[in-house]
Amino acid sequence: MRPIIITLLVMLSVVPSFAEGTDLDRLKEGDIIFVFSKSKQSPFIAYATGSLYTHCGIFVMKDGEKYVLEASDCVKLTPFDKFIEKARSI
């Protein structure tokens, strides 16, 4: 169990931040947004998949507002800002 915890901590320390090359103003409808979520299960998802990303959604414009179509507890349109708030990195 100890090696898994150490691995998870190392993975969290190397997750890229929002500031590293992310240009959210260039998103187009239909773009897929990959994030490392702030959820408790994210480190385990990253460990199991070997990925830096644990969640994704599709960028959507509706009535001039930005949303992300995502599946969490159900498939839903989440306001873009709320989706980004739930992410540790993008």
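In what follows, every heavy atom counts, from backbone to side chain, and hydrogens, waters and symmetry copies are set aside.
Separation of atoms OG1 (T54) and CD (Q41) is listed at 8.0 Å; rounding is to 0.5 Å. Put simply, CD1 on I58 and CD on E70 are 11.0 Å apart, with the number rounded to the nearest 0.5 Å. Going from atom CZ of F44 over to atom OG1 of T49 covers 13.0 Å, rounded to the nearest 0.5 Å. Atom-to-atom distance recorded for L27:CG and K66:NZ is 7.0 Å, nearest 0.5 angstrom. Atoms SG and CZ, from C56 and F83 in turn, are 7.0 Å apart once rounded to the nearest 0.5 Å.
Under a hydrophobic clustering in which Ile, Leu, Val, Met, Phe, Trp and Tyr are joined whenever their side-chain heavy atoms come within less than 4.5 Å, directly or via other members, V68 and I84 fall into the same cluster. The hydrophobic cluster containing Y53 does not contain I45, counting ILVMFWY residues as joined when their side-chain heavy atoms lie under 4.5 angstrom apart, directly or transitively.
Nearest heavy atoms, S42 versus F36: CB-CE2, 3.9 Å. Closest of all the heavy-atom pairs between H55 and S37 is CB-CB, 4.4 Å.
The backbone N or O of M61 sits less than 3.5 Å from a side-chain atom of E29, completing a donor-acceptor pair.
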